[in-house]
Amino acid sequence: MGRAVVQLTLFGLLLALAASQPNKDDWDIYSFHINSTVIGRYATTVITSRVANRIEESKEIEFHVQIPKNAFISKFRMFIDGQVYDGVVKTKEQAQQQYTQAVSRGESAGIVSSVGRTMEEFKTSVTVAAHKKVTFELTYEELLKRTRGKYELQIHTRPMQPVKDFKVDVYIYEKAGISFIDVKGGLSTKALANAITKTHADNKAWVYFYPTVDQQKTCDSCGEQGMNGDLVIVYDVNRDTGLGDIKTSDGYFVHHFAPSSLPRIPKNIVFIIDQSGSMSGRKMEQTRIALVHILNDLAGDDFFGVISFDSQIFHWKRELVQATSVNLEEAKEFARNIMERGATDINAAVLEGARMLNAHPREGSASILILLTDGDPTSGVTNFEIIQSNVRRAIAGKFPLYCLGFGFDVKFEFLEKMSLENNGVARRIYEDSDADVQLKGFYEEVATPLLTDVTMIYLGGTNLTQTNFSQYYNGSEIVVAGEIMDNDIETFSPQVVAISSSRTLTFSTTNTSVEPSTGSVAVGLLQRVWAYLTVKQLLEKELLLSGAEKEKVKKEVLEKSLKYSFVTPLTSMVVTKPEGEKTQVLHKPKEGEAQQLYRGFGRLNYAMGGSSQFSGHSARVLVPSYASTPTHHKVTRVIGAAPPPSRDSIHIIYPLRTPDSLLIKPLTPRTHTFLLKAENQSHPLCFNIIEFSIQILFLQPGNQLIIAGLLNKIPQRGFKLIVIYLKNDIIRINTTGIPVLLENSTTVNSESDQIAVESVTVTKRDKEIDITAEDMHMVILVHEEDSDKFLWPVLKQKPSANCTGILAVDYEVVQHQPTKLKINDKEVPATNSSGIDYSVSPPAVSECWLVDNVL
Ligand SMILES: *[C@@H]1O[C@H](CO)[C@@H](O)[C@H](O)[C@H]1NC(C)=O
Ligand SMILES: *[C@@H]1O[C@H](CO)[C@@H](O)[C@H](O)[C@H]1NC(C)=O
Ligand SMILES: *[C@@H]1O[C@H](CO)[C@@H](O)[C@H](O)[C@H]1NC(C)=O
Ligand SMILES: *[C@@H]1O[C@H](CO)[C@@H](O)[C@H](O)[C@H]1NC(C)=O
């Protein structure tokens, strides 16, 4: 057995984020204020940090904060010794020039803006003379987005030291009235409860957060370095059942449309789940969990479909079915059994999902297509543009496509384009312990369609932001902004036309005219909301265009970004500093840009024994010695491509990454006890194997035939998948018992109860599968316990040739008391133990000789 090496390849990246900590004694942040003003759901936040240089010499002082990804920085200034230094928003090219000049002068210019889940980092520094002070002031703006019935204002505080004068002030004004307000986040804990004051009066609300220095050191996410956490203000506003909230001022209007008292529309929903090899492990597990939860939440009049895919497509049902409890139970069973393997054929999977939705009557319902994938297309059509155009043609604007990109291997921009072209959005699912919650959270956003084909019409309006929306979901909100022609409020007439079930609804202001909201809205605010929305939407549009059209849109974004001083992916902020100091340039990173580092590691693609590609630069290779504990695994490093699978060693590539740590974790050392019966031995042999993925069950000399099994996650319960590798073919058997023939390791050839290729015949019978190859005969029993199905292989006839594999171990008793067995020409001690023998019916507990290190 020792010669049949199974290699496990782990890959990933060590991201050394060595955050330089300031030397506390040299300088002191004596004041840190965050002031957030939210008017009409548009938040303007100012962070002010005042720092003193406490030493006798000049000192470089840092300013380092996090802001929401969705926000645009609009202002940055420093006050030093009576002088003001303003950051200026410039085009990327101009900024780049200044940046390059600084670099050529040997100055380390550039502000790195890194991306976390929801936050970006802003960092700058300046040299301050002995005993002088500096004030940093950063302003950012964002239009709060309503999801699942609430707005969230996230404020991150990490001043990097306890601060004497620390304050967070939040003021919310909403003309329609605030229905509720809550303070959440890591800083809203018991220890800090008395530092938070919340006042709510009809259409105004205030939140003050004034922790003492002691509190800043003792709260949950705090320490000697002070606070490090979030304050999340959660609220919603009162709304009417009709046209919604329309604010007008200075010739601009902003319309928030979110009627809530409409009946839900039944939905037709198809989930397309990537089950390619890279999904293996926790991602697949979380996906299964989330999918089962989501299926539980479908309403009885919804219709649904589930497809899992790798290089092939696996239907649960070929057509949509109604969400009856019987169907849901069956679908959940399908979901629980989705197994990772194979490559990624996104094109075929999405086209199939679209076919299913197109084949189903749409009248009176809302159709939704959801794709979950963790990688690039690697099988079938792999060209991004061709996939996009195929998908566009298949969907033809009839329903939205939502793409969920799981982890950092995804080419997010591709998913984003595909979603935007089909009226949907793309969302990242972060690989973390709460990935199933993230998946479910996304589903909840689209779970309750209330309207379809929403058209927002504004007579007397111009320069409108997006006005057509394919669907409107309960808990969300449609926002449109624009200019009012000639600022003539009398002739300005908004109207919404949409479809609810099969009825066309019109929302209008027949009875109530739009009143100008002067007085309640700060001057110029609505114009900024309009500019913010316009720039956001143009940036999305720019993504989808090419050539001259793209340049035109780019120019427009640039003009608006410069005019309104927004730091966008097309502009940068240049921070000029006192004479002789380096100039810094602030770039807003594109979504996923910081993760390019991870992406470099590429798409690792495995089918058990299928083609393994490695498009990245390096990887870690874990070579387990099956007899030893995981800590003995040897870690080596490969550069370039991982070796393709060969007959001597099957390379199983196993991604083990989390965004933040790249330690090679010891694998769960749960053990499975295996019981083996040799033909001429009354007492079976048993041994423990450490729970980890693939076991070689049987291997013929010359490797003409290899049979391998993927262990069940539940210890002692056999295998989830058994794969037969022949010279040119692969046959796969999962717990359905139906053998599947893979051609060239990728495409399915046939799916039938009997497959005969090369020397092997696989036959499915009731609850067992027969494998015969020349003089070998193996039976795979399908067992079910606590609704967990698993496979149990039994070698019925061992060929005369010298075979290896855990089913082919030969043993002989050479000594009694203490027992010694001879295994593979080695004498090993054995002790009395017991295990469950699944080779008999019904399964029975059997005594056995327990040995170590048989393999
Ligand atoms: C916060 O900012 C608003 C708007 O700029 C201002 O009116 C208010 O006085 C500020 N509050 C504090 C506590 O500084
Ligand atoms: C929409 O959401 C609101 C608030 O969460 C809820 O009261 C209402 O019942 C929901 N409507 C439907 C049709 O589910
Ligand atoms: C919006 O929808 C209306 C009515 O369906 C249609 O006439 C108009 O062309 C659409 N506009 C855009 C920009 O798609
Ligand atoms: C107000 O609007 C409703 C719905 O559009 C309409 O039925 C009603 O007649 C209108 N009332 C007046 C006074 O115009």
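Ligands are counted one by one from 1 in listed order, and the atoms in each one are counted from 1 as well. Everything numeric in this text was worked out from a predicted model, so none of it was measured.
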Verify whether one side chain among [X] and [Y] offers a donor that lies under 3.5 Å from an acceptor in the other.
| X | Y | result |
| --- | --- | --- |
| D230 | Q154 | yes |
| S31 | D165 | yes |
| N268 | S367 | yes |

> Nearest to atom 8 (C) of ligand 1, what protein heavy atom do you find, and at what distance?
Replying inline: N35 ND2, 3.7 Å
> Nearest protein heavy atom to atom 4 (C) of ligand 1, by residue and atom, and its distance?
Replying inline: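 Among all protein heavy atoms, the one nearest atom 4 (C) of ligand 1 is T37 OG1, 3.8 Å.
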>> Quick check on atom 11 (N) of ligand 1 - does any protein heavy atom sit closer than 4.0 Å to it?
In response: yes
>> Going by a strict under-4.0 Å cutoff (protein heavy atoms only), does atom 14 (O) of ligand 1 have a neighbour on the protein?
In response: yes
> Can you check whether D169 has an N/O within less than 3.5 Å of an N/O in ligand 1?
Replying inline: no
> Cationic tip of K560 within the cone over Y532's six-membered ring, i.e. under 6.0 Å and within 45° of the normal?
Replying inline: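 Ring-cation test returns no.
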>> Out of all atoms in ligand 2, which are within 4.0 Å of some heavy atom of L262? Include the element for each.
In response: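 With L262 as reference, the close atoms of ligand 2 come out as 13 (C).
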> Atoms of ligand 2 less than 4.0 Å from R264 heavy atoms?
Replying inline: 13 (C)
> Under the criterion side-chain hydrogen bond (donor to acceptor under 3.5 Å, both in side chains), which of Q161, R50, K164, K133 is the partner of D28?
Replying inline: Q161
> Below 3.5 angstrom, do we get any N/O pair linking N474 and ligand 2?
Replying inline: yes
> Which atom names give the shortest non-hydrogen contact between I29 and V163, and what distance separates them?
Replying inline: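 Heavy atoms only, the tightest pair is O-CG1, 3.6 Å.
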